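Data block below; observations after.
Note that this is a predicted model, so its numbers are computed, not measured.
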Amino acid sequence: MEEQTGPLAGIRVVELGNFIAAPTAGRLLADFGADVVKVERPGTGDELRRWRLHDGDTSLLFRTLGRNKRSVTVDLRRREGQEIVRTLAARSDVLLENFRPGTLERWGLGPDELRALNPRLVVVRVSGYGQTGPYRDRPGFGGVAEAIGGLRALTGYPDRPPTRVGVSLADSVAGLYAVIGALMGLLRRDREPGAVPGEVVDVALYEAVYSLMESLLPDFDAFGVVREPAGSALPGVAPSNTYRCADGKYIVVSGNGDAIFRRLMQAVGRADLADDPRFADNAGRVAHAGLLDDVIGAWTATLPQDAAEAALRDASVPCGPILTAAGIAEDPHFTARGMHERHRVPGHDGEVTFPGIVPALTERPGRTRHLGPDLGEHTDAVLAELGITGEALARLREKGVI
């Protein structure tokens, strides 16, 4: 096994997850040194391997979310496969899974069974609706979670159907909560050496979304306020919006701090509004948000995006262009911050740019040791670490268990 570095070196994680949520958590743990053993179905593997597949048999999406992990193929529906996972879990610190509730229990791999083998194991479970409650048995994907959790009711424009963000937001946020839960479980284990059993972390996709909704429910419960879609603006904050420039490009401007607003008005040639008492605080600006958007939009319409951005930067007003993939690839700040990593991809000529590691640590930073592996690339090596070699390994392969 390659040398592990980073703050999580020495931690072993078993990932029993497909798609985005649990694999996102596994990727983050692996980025910072954990030995993440990803268990996949023989023959097909994680379905993510073929999502957005442009060439070959493994997508760049999987190469990204599978980075720094080791891939082992095991059929979890087979008794012998379940025994392999039990042996892995007995020698691991964290187990990640995102099956529908009850699935692991049917396979004899539930938290109680696994912690009987390894009392200090931290079990992290990600599902659509959580392990309890009346909806626990419903199938759940991230898009549905965004609807149930309140997000889709706020996206888009009032006169159009709700829209979604172009990434798997619910799954990715759930993956972040899964990592937080795993780290808290490990921290408790280390602070309370005698504490057993290990923590079980229950992450629901819809709750991950709901947790982002700020004061949506308190405002409704206390004041009867029902938030509605507001296009590119952020209700209750002004001015903060997206504005079209003379060249047809867009710029995002956030002038919603009191001092920032005054600088913004000076920059757009409306010094008369900078000290207008109507706009002295956020409440006043929100009451006249439409007027302020018209003022800023009229100014940006006279300038190309680069010029508008430069003028606002000179005035210390937060602003920025809406970057496409091409813009991100060319942006020098991404490169300077290590957010552009070049790696060779099996079956592809030349190197490909992948996103860097977040967050940046000073003393023991994470690093990309390798991209997402080929299916079953590490099966023999990992099983050898469990003492499964030679004829035993051959029999498992012949029976289709691995």
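Between Arg86 and Glu80, none of the side-chain N atoms (NZ, or NE/NH1/NH2) sits under 4.0 Å from a carboxylate O, so this pair counts as no salt bridge. Taking a cutoff of 4.0 Å between a charged side-chain nitrogen and a carboxylate oxygen, Asp374 and Arg63 qualify as a salt bridge. Salt-bridge formation is not detected for the pair Arg120/Glu192: no Lys NZ or Arg NE/NH1/NH2 atom is positioned less than 4.0 Å from an Asp or Glu carboxylate oxygen. Between Glu309 and Arg313 there is a salt bridge, since a side-chain N of the basic residue sits under 4.0 Å from a carboxylate O of the acidic one. Of the charged side-chain nitrogens involved, at least one lies within less than 4.0 Å of a carboxylate oxygen, so that Glu15 and Lys38 count as a salt-bridged pair. Glu40 and Arg49 are joined by a salt bridge, as a carboxylate oxygen and a charged side-chain nitrogen come within less than 4.0 angstrom of each other. Salt bridge Asp57/Arg50: absent, no basic N to carboxylate O contact under 4.0 Å.
By the neighbour-count criterion of 12 heavy atoms within 6.0 Å, atom CZ of Arg278 is densely surrounded, having more than that number from other residues, nucleotides or ligands.
Judged by a 6.0 Å distance limit and a 45° cone about the ring axis, Arg67 is not positioned over the six-membered ring of Phe354.
Between Trp107 and Phe99, the ring center distance clears the sub-6.0 Å criterion. Here the two rings, on Tyr206 and Tyr135, have centers that are 6.0 Å apart or farther.
Residues Thr368 and Glu341 bring a donor and an acceptor atom of their side chains to less than 3.5 Å of each other. Side-chain polar atoms of Tyr177 and Ser211 form a donor-acceptor pair below 3.5 angstrom. When only modelled atom types and interatomic distance are considered, Ser59 and Arg52 share no side-chain donor-acceptor pair under 3.5 Å. A donor-acceptor contact under 3.5 angstrom links the side chains of Thr335 and His340, judged on distance only. For the residue pair Thr44 / Arg41, a side-chain donor-acceptor distance below 3.5 Å is found, with atom types taken as modelled.
Using cut-offs of 30° and 60° on the angle between ring planes, the pair Phe279 and Phe261 is perpendicular.
The shortest distance between side-chain heavy atoms of Val295 and Leu291 falls below 4.5 Å. With contacts defined as side-chain heavy-atom distances shorter than 4.5 Å, the pair Asp331/Ile328 does not qualify.
Across Gln266 and Ala271, no two heavy atoms sit closer than the pair OE1-CB, 3.5 Å.
For residues 133-150, every residue pair satisfying the salt bridge (Lys or Arg N to Asp or Glu O under 4.0 Å) rule, not counting sequence neighbours, is listed here: Glu146-Arg152, Glu146-Arg164.
Here the straight-line distance linking atom CG of Leu212 with atom CD of Glu214 works out to 8.5 Å at 0.5 Å rounding.
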